[in-house]
Each structure stands twice: as C-alpha cells, then as structure tokens.
Number of protein chains: 2
Amino acid sequence: MSTPGRGLHGRVLDTLGPAITAGEYPAGSVLRTDELAQRFEVSRSVMREAVRVLESMHLVESRRRVGVTVLPECEWNVYDPQVIRWRLAGSERPRQLRSLTVLRSAVEPVAAGLAARHATAEQCAELTECALGMVANSRGHRLEEYLFHDVAFHRVILTASGNEMFARLGGVVAEVLAGRTHHDVMFEDPDPAAVTLHVQVAEAVRARDAERAEQLTREITEGALQELDILAP
Amino acid sequence: MSTPGRGLHGRVLDTLGPAITAGEYPAGSVLRTDELAQRFEVSRSVMREAVRVLESMHLVESRRRVGVTVLPECEWNVYDPQVIRWRLAGSERPRQLRSLTVLRSAVEPVAAGLAARHATAEQCAELTECALGMVANSRGHRLEEYLFHDVAFHRVILTASGNEMFARLGGVVAEVLAGRTHHDVMFEDPDPAAVTLHVQVAEAVRARDAERAEQLTREITEGALQELDILAP
DNA sequence: GTGACATATAAGTCTGACTTTTTGTTCCCG
DNA sequence: CGGGAACAAAAAGTCAGACTTATATGTCAC
C-alpha cells in the first residue's frame, strides 16, 4: 500500500521501522550507523538518510560520539501514518487498534456535527450513496464491498467537516475498518443496527441536523468500542 | 523550543520547512536538490537528508528526472509536531489555531471521561494542584503563572486518559494555550467561569464521575471555541 | 575525591565519480 | 499524418573515501 520501496533508504526503513516500533530494540538501545549500513548492505549516505527519517518520527535520536539511540515509546510520533502502519503490522496491533478506535470515538461524532453544517450538496449526495452501498452489501457475505462503502462513508464525513485535522484521519479510519474486516471480528454480515445508523447519519447531515448527526455517530463509534470490549463496567 | 539546529540539515529545515508550510512554494512547484544545496551553501548529502525529512512529512515528493515537487496541503502530515510548529509560526497561524481548537473540543472531553476512570491517585492529586494553581493566579494579571498551571492541567488529563494518542496531543494543547495568552485574546484576567470549571473537572475526576468530567470539559472547550468565534449561528 | 586535560570514538560533512530511471524528443515506418 | 520505437538528456540515486567536529570517558595531578 501507499509507497513501497521508494529508493534504497526506503527498503531499509521497511525493515528497521517495523523492528523498532515492534520493540525489538528497547528504549535506550544504541545502534551505530556504520554497523547498520553493513547489515543492510547499503552505503553510509543511504543509511544516514534512513536514520534522519526515523529521527523526524522521533523513533530514534542521533548523537555524536554516542550513536543512534532508540527513544521511549512516549516520544514517538504516533500520528505519523507510517508509524501507525508499522505498529498495526506488528505484535502491538491490538493495542494500537484500541487506541485508534478510542480516537475515532472522540473525533467522528464532532466531525459529523460539523459535516451537517458544512457539507456541500455534492458531499451529501456522496454520503447517501455510500450509505445505500452499505445497505446493498450488508447481507450475503459481501464483506469487501461493504467495507469499501463503509470506508468511503467515514472519509466523506471527516472531509465534509471542513477541518483539515479531521480530514487527515481518513486514512486511519480506513486502516481500522479494514483491520476489523480482515483480521479480527466480523466473520458474518455486519450488524443491521449499525447499517441503519449510517443511513440515518446521512439523512441527518442532509437535513442539516448537527445535533442528531453527532448523536447518531456517537452510537456508531460506541458500537465500535464495544466490539473491542472497551467500555466501563 | 525543542531541538534547534541539530546539525546542518536541521538549519536547512528551519528555513525550508516554514517556507513550504507558509505556501511560498505553491503545490506542484519543483525544486532541484543541487540548486537548493547551493542556495543554502551545504553539500548535496546534507541537502538530501533535509529533503528526506520533508518527504517523510509528506511536504514534498522526490522523483527521478523531475526533482523535488511540493505536495498540496491536503497531503501534509498535519499532526507532525514540527509541521504544527512551522504553521503556527507562519501567516496561516489563525487557521491552524482554529483547526487545533476544534480538535481539542473533540478530544479533551472524551479524554477527561477516560481520565475519571483511569487516573491514578497521584494524577488526581496533580490535577487538583493544577486547578488550585489556576485559581491562585486567576487574578492580578498573573497570566504566565496561570498559563503554566492551565497547560499542566490539560496535560495531566490527556495523559491520565490512558490513551497514547490523546497523551501525545499534550504538546499541541500547550501550543494552543500559549498562543492564546501570548498572541491573541486574553489581555485581562481569565474568565472566572472557566477557572471554576477546571476545579470542578478535577473534583469530578477524583470522584470517578466520568459523565460529569466529560460534560464539564465539553463546557471548557466550547468556551475555547467561542473565543475564536467558531460556532454555529 | 575533584578538577583539568588528553584521547578515542562515532557522527557529521564534503567531494567527485558513477548509475539508474524517467521524460520528452526525434525519427522512421505504416 | 499518426503512432510507436529508439535515443538522448536531465535529475535523483548510490557509493567510496577522506576529513572534521563534538563529546563521553578515562587519566593524571593536585
């Protein structure tokens, strides 16, 4: 997905990034550029570029006379799409999925409320189309087709909110929804109640009912939280 | 703040990053590595490292035979703390501040609710301490001291939520609050109502009343939205 | 023990030569 | 006149080697 192997330094990152985010090198571990360059069979300049990228993600810190130090998890740029992808691919996947779902539960309802205010006529139409697509594929194990429309639906909501920070979470939501379909739960057809909620959200947005759009979306995300057993006793 | 001038490539970024995020090079503009290296009087290797970092932030894209292309704003990693800082420093500051405040309004109430469930005794104590500090400095133009406790308060809430994604927004909130005090509104003492709300949130968290903590925080962030005139007619 | 100094180490920087990919042009043939 | 294949140029990508600089750490005198 996205940009695989854009140059040698990218290949190095494809190995080193997942390794670090998976915790293979505990915080405080020290790596040396030369050693890494040898290990990956690339020149020092290529290795340096890779290290610079990791540094900009706050995964490592490079200091003279010391080496490349792995930073503690709390320093990482966990919003970097690349970091998110690496972590979702590793053993920390469940925890990452929970974090992201909680984030969704905070952001999406507010985004839906804003979308009800700012969505263009075209976006309203898209939304309805997505919702209908979900309905049409909600039965008969058409999981892939359902997922496609589900992702599109949430993307439109986030974009239509008019807030760039929300809009940029579209990719995250896509990953979470795809993960749910492909890895975790959802062996059978999606919950009919959820499908209905999506249709109702589309209606609420079209009707410019921000309050209702927000509340309905809150119900959707609460469902997502329940699927992962994230809730108070 | 943070890491100024960590190496030559960092200096280049300190100039080029703000320039790009400020829109000095419109999307689609093409730069050449060699030319940039000359302009900044650094070697090509240093320039390449800088470009790699910009690339990892999705500010630019480097392609063979073409050059370094500036990407449209919608591609940027707007959650990268560095990008946020650059944009807050430029002419897009007001818009950026609004985006971030809307994000806060979505995240912080949910974070407060979670904090009420997960906060340790120590965190509860910190929270109360911060709230008291806010009260103590809420009169007599002690804006800096007030800001300090305000930032600390929101950081504790975000951290205590137990969600790493929320916790990492502490820096963002700090920037927004600092910006409000230093640049924009707030020439006089803070709104007493807001101060009271903070105290009540601390109480609610201590009392493990998630519902109330969330609702009170929602009132706080709604106040922040109103200060920036972000609300429906 | 404490402070100044020396040393070794690993990152940082620069340069120049070479490779590879891609784009756009040219030219030939249908 | 149009289309496709071959070609040429441009810019990033890669590599190797020499040199510089900061700094952690050990040493030695006091």
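Here the P atom of nucleotide C:dG12 and the CZ atom of A:Arg44 are 10 Å apart, to the nearest Å. In this structure, A:Arg65 places its CZ atom 19 Å from P of C:dT13, rounding to the nearest Å. Atom CD of B:Glu49 and atom P of C:dT13 are 7 Å apart (whole Å). At whole-Å resolution of the value, CD in A:Gln38 and C1' in C:dA10 are 14 Å apart. Put simply, CD on B:Glu41 is 10 Å from P on C:dC14, counting in whole angstrom units. Between the C1' atom of C:dG12 and the CZ atom of B:Arg11 lies a distance of 12 Å, rounded to the nearest Å. Atom P of nucleotide C:dT13 and atom CZ of B:Arg48 are separated by 15 Å, given to the nearest angstrom.
For the side-chain contact (heavy atoms from CB on, under 4.5 Å) criterion with A:Glu108, the lone passing option out of A:Val173, A:Leu169, A:Ile220, A:Leu103 is A:Val173.
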Practice problem: Decide yes or no on ring pair (Phe, Tyr, Trp, His ring centres under 6.0 Å) for B:His154 and B:His149, but give the supporting numbers first. | Solution: CA-CA 9 Å; B:His154 290 276; B:His149 289 97; over 10 Å; no

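For DNA chain D, the outermost nucleotides in 5' to 3' order that have an atom under 4.0 Å from a heavy atom of chain A are D:dT14 to D:dA24.
Here the shortest heavy-atom pairing between B:Cys130 and B:Ala152 reads SG-CB, 3.6 Å.
Side-chain N or O atoms of B:Arg32 include none that pairs as donor or acceptor with a backbone N or O of B:Val68 at under 3.5 Å. Formation of a donor-acceptor pair under 3.5 Å by the A:Arg168 side chain with backbone atoms of B:Trp76 is found in this model.
A:Ser45 comes within 4.0 angstrom of a nucleotide base, judged by non-hydrogen atoms across all strands.
OP1 or OP2 of C:dG12 lies within a sub-4.0 Å distance of a side-chain N or O belonging to A:Arg52.
Ring geometry for B:Tyr79 against A:Tyr79 counts as parallel: the plane angle stays under 30°, on a 0 to 90° scale with 60° as the upper cut.
Taking 4.5 Å as the limit, some side-chain heavy atom of B:Arg180 sits within range of a side-chain heavy atom of B:Asp150.
Comparing B:Arg64 and A:Arg64 along DNA chain D, the residue whose closest nucleotide (by nearest heavy atom) sits nearer the 5' end is B:Arg64. Comparing B:Thr33 and A:Val46 against DNA chain D, the residue whose closest nucleotide sits nearer the 5' end is B:Thr33.
Which of C:dA10, C:dT23, C:dT20 sits closest to the side chain of A:Arg32 comes down to C:dA10.
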